[in-house]
S.K.: 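Supplied in structure tokens, the structure appears directly below.
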Amino acid sequence: MYKSIYYLWFFLVTIQTQFIDDDSSDPLGMDEANLTISNTNYPHPIIFTYNVIECERCNFERLNDLIQPNTSYIVKINTVYAYDFRVINETNETVCQIKSYKFSEHGSYQFESSCIIYQIEESGYYWLPVIIGMSIIFLFIIFTQIWHCISRSPRCARFLPSFTQQELINKDSFIQLPRTPTTIVNDSNDDIIGTLSSSTELRLVGSTRLSNNSVRITKVLPKRLRSLDTFRGLSLMIMIFVNYGGGGYWFFKHSVWNGLTIADMVFPWFTWMMGISIVLSQRSLRAKNIRKSTIFFKICRRTLVLFTLGIMLQGGSERWVFIRIFGVLQRLAICYFFAAILVLIFDDAEDEPYSSEWPIGDDVHQPIRIELSNTLFHFWPQWIFILLITLAWILITFLPKFENCPHGYLGPGGKHEQGKYENCTGGMAGYIDRLILRSSHMDNHPTCKNVYDTKIPYDPEGLLGILTGTLLCYLGVQAGHSFAHATRIRRVCAHWIISGFICGSIGLALSKGGQSDSWIPINKNLWSLSFVLILAGLAFIILTILYLLVDVWNWFTGEPFLWLGMNSIVIYVGHEVCSNMFPVQFKVEETRHWQLMTMHIYGVMFWTIVAGLMYLKKTFIAI
């Protein structure tokens with residue numbers, strides 16, 4: 001089997017090389033094309049000017065010097081983004097305009113004075129590395145599913161007993177729910193009571209306490225929400241791929257400023273998922289009668305560990321005065337701290353009394369008003385706090401005026417707005433960071449630097465984004481509350497889908513459907529309100545789908561994403577520390593996308609296999 005996979009990989013790379021690198025004399029590099037500018041129709045010299053459309057409201061720049069009549073000029077042009085072109089004469093009068101023209105990699109193009117750009121030579125196979133790379137990942141996922149089924153078949157069980165036992169360990173143990181209400185004595189060692197409805201009913205998800213010594217079975221909290229681990233693993237796989245470079249493709253990188261790419265999604269999803277974990281973790285601890293003071297110290301310890309790991313992973317200068325203070329793990333740590341403390345303070349130590357007193361059987365359902373009270377309205381103190389910090393973000397962002405910057409400026413500075421606000425990068429978010437953290441403790445290479453030519457530092461994980469980050473984390477907490485208190489699977493899914501629709505709708509409304517010229521644009525650098533709401537909406541929907549596939553219908557095991565999700569911190573730290581080390585990554589000439597795609601897919605596969613081995617080790621220990 002391993003040889004088959006090796007030969008398949010070798011065959012695909014060989015074909016890819018033949019298609020993409022068949023012209024060894026091609027002088028063009030990655031994301032480059034040739035453009036020939038001819039001045040044949042104008043009796044006077046012309047100047048070809050351009051503006052990258054990603055650079056919103058920027059001045060046009062010269063692409064060349066004066067082109068005399070009946071002469072041509074050849075220039076290499078970057079193909080990552082589309083361009084607006086403007087042809088002017090010596091007196092700066094516009095004689096020709098071309099809007100939003102996108103070049104293809106390794107193509108050759110001709111501009112004629114009739115104001116037309118046409119392609120004179122075919123471009124390279126730009127998308128082939130992406131198709132092959134994603135196909136390999138897809139085949140690997142299918143392989144893990146097939147192997148899962150084969151290894152658990154009765155014939156293989158005799159040769160692979162460990163996998164059979166693992167299946168029993170991973171599945172929650174359920175007891176049959178009778179059609180009449182049942183009361184059992186509460187065992188101090190049982191923090192989760194499993195129940196299983198009839199074959200025609202979905203599994204129930206909770207319990208109702210009748211007294212200190214008895215519990216009416218109404219629902220079950222699984223020992224581990226496998227769909228959540230699957231979602232976390234999927235996000236981590238994407239994060240590893242984009243952190244290693246994403247094959248050099250622009251759509252696998254972070255947005256220049258406004259907008260949304262795949263790379264922008266994974267970090268906010270981690271923040272949202274952390275909120276669900278907070279609810280499930282604290283309910284488990286409270287079920288074991290652990291005091292709130294002990295839980296508080298656990299929260300502080302975890303926050304300190306995450307924050308310290310984040311600073312260590314960023315590396316950089318050995319001198320404290322040049323160390324970047326905030327980053328990915330630091331933002332996660334702070335958002336986790338505030339959300340966890342909020343849940344610890346306002347969630348009841350014994351929240352079962354607020355659940356339904358109705359016995360949930362085949363023919364009895366909890367009234368929707370009681371369920372809404374249990375999952376939403378009961379937590380109104382938490383919502384008031386979250387709404388206050390959201391209001392604080394809005395007021396701080398839009399009301400103050402600082403230095404030479406206008407009220408509510410949300411742009412990247414630099415060349416934006418024809419350079420009028422060159423030193424206003426990030427608006428109030430950037431100003432607060434530069435005031436408190438100082439430039440030496442911030443990120444000096446923001447994603448907008450190359451396109452907008454920004455001159456001052458800006459940190460996308462700065463202080464003001466903690467407010468909207470906490471909002472995002474708490475929306476995950478709300479998802480956890482819905483899961484913990486809703487009485488049927490279909491209602492859990494309904495809560496999540498409706499919540500996702502509400503968050504997404506508000507986010508789209510604030511951004512006017514994703515427009516940059518809107519009330520609050522979608523912006524990962526700012527962690528804008530529209531950004532976190534849209535990402536939360538997507539997370540609600542994705543978790544609902546995975547929950548049905550993995551935990552309810554068992555159509556998908558979650559592997560190999562499950563392996564990554566259950567070892568997320570170790571794999572994240574490992575992929576950061578070993579990103580430039582053999583055998584995780586190799587040094588390649590960055591001249592073709594297929595070379596980078598090969599290395600970055602290999603890096604993803606490497607850490608997925610490492611996570612799989614860690615997963616198996618945990619299984620053997622459990623056995």
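None of these values were measured; they are calculated from a predicted model. In this chain, residues are counted from 1 in sequence order.
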S.K.: Under 3.5 Å, is there a donor-acceptor pair linking the side chains of His441 and Asp433?
M.R.: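 On atom types as modelled, these side chains do not qualify, holding no pair under 3.5 Å.
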S.K.: Indicate the ring-plane relationship of Phe606 and Tyr602, choosing parallel, tilted or perpendicular according to the 30° and 60° boundaries.
M.R.: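 Judged by the thresholds at 30° and 60°, the geometry between Phe606 and Tyr602 is tilted.
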S.K.: When the aromatic ring centroids of Trp127 and Phe251 are compared, is their separation below 6.0 Å?
M.R.: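 Yes, the ring centres sit under 6.0 Å apart.
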S.K.: Between Asp229 and Arg232, is there a salt bridge with N-O shorter than 4.0 Å?
M.R.: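 Asp229 and Arg232: salt-bridged.
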S.K.: Using 30° and 60° as the class limits, which term best fits the ring planes of Trp553 and Trp555: parallel, tilted or perpendicular?
M.R.: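 Ring orientation, 0 to 90° scale: tilted.
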S.K.: What distance do Leu464 atom CG and Asp459 atom CG have between them, rounded to the nearest 0.5 Å?
M.R.: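 It comes to 12.5 Å.
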S.K.: Please check if the number of heavy atoms outside Ile74 that lie under 6.0 Å from its CD1 is greater than 12.
M.R.: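 Atom CD1 in Ile74 is not packed in, count stays at 12 or less.
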S.K.: Can you see whether Thr144 engages Glu559 through a side-chain donor-acceptor pair at a distance of less than 3.5 angstrom?
M.R.: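 Side chains of Thr144 and Glu559: no pair found under 3.5 Å.
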S.K.: Within a reach of under 6.0 Å around CZ of Phe501, are more than 12 heavy atoms found that belong to other residues, nucleotides or ligands?
M.R.: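 Not more than 12 within 6.0 Å, no.
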S.K.: Under 6.0 Å between the ring centres of Phe338 and Tyr474?
M.R.: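 Centroid distance Phe338-Tyr474: not below 6.0 Å, so no.
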S.K.: Cation-pi between Arg302 and Tyr336: NZ/CZ under 6.0 Å from ring centre and within 45° of the ring axis?
M.R.: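 Pair Arg302/Tyr336 counts as cation-pi.
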S.K.: Quick check on the 6.0 Å ring-centre criterion: do Trp257 and Tyr458 meet it?
M.R.: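 For Trp257 and Tyr458, the ring centres are under 6.0 Å apart.
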S.K.: Below 6.0 angstrom between ring centroids: does that apply to Tyr421 and His416?
M.R.: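 No; His416 has its ring centre 6.0 Å or more from that of Tyr421.
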S.K.: What do the steps show when you test Phe231 against Tyr547 for ring-ring contact (aromatic ring centres under 6.0 Å, His included), and what is the final call?
M.R.: CA-CA 9 Å; Phe231 190 12; Tyr547 180 54; over 10 Å; no
S.K.: Hey, does Phe326 have a side-chain heavy atom less than 4.5 Å from the side chain of Ile334?
M.R.: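 Ile334 vs Phe326: side chains touch.
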S.K.: Ser277 versus Leu228: any side-chain heavy-atom pair under 4.5 Å?
M.R.: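 Side chain of Ser277 against side chain of Leu228, heavy atoms only: contact under 4.5 Å found.
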S.K.: Taking the six-membered ring for Trp, are Phe48 and Tyr50 closer than 6.0 Å centroid to centroid?
M.R.: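 That pair fails the under 6.0 Å test.
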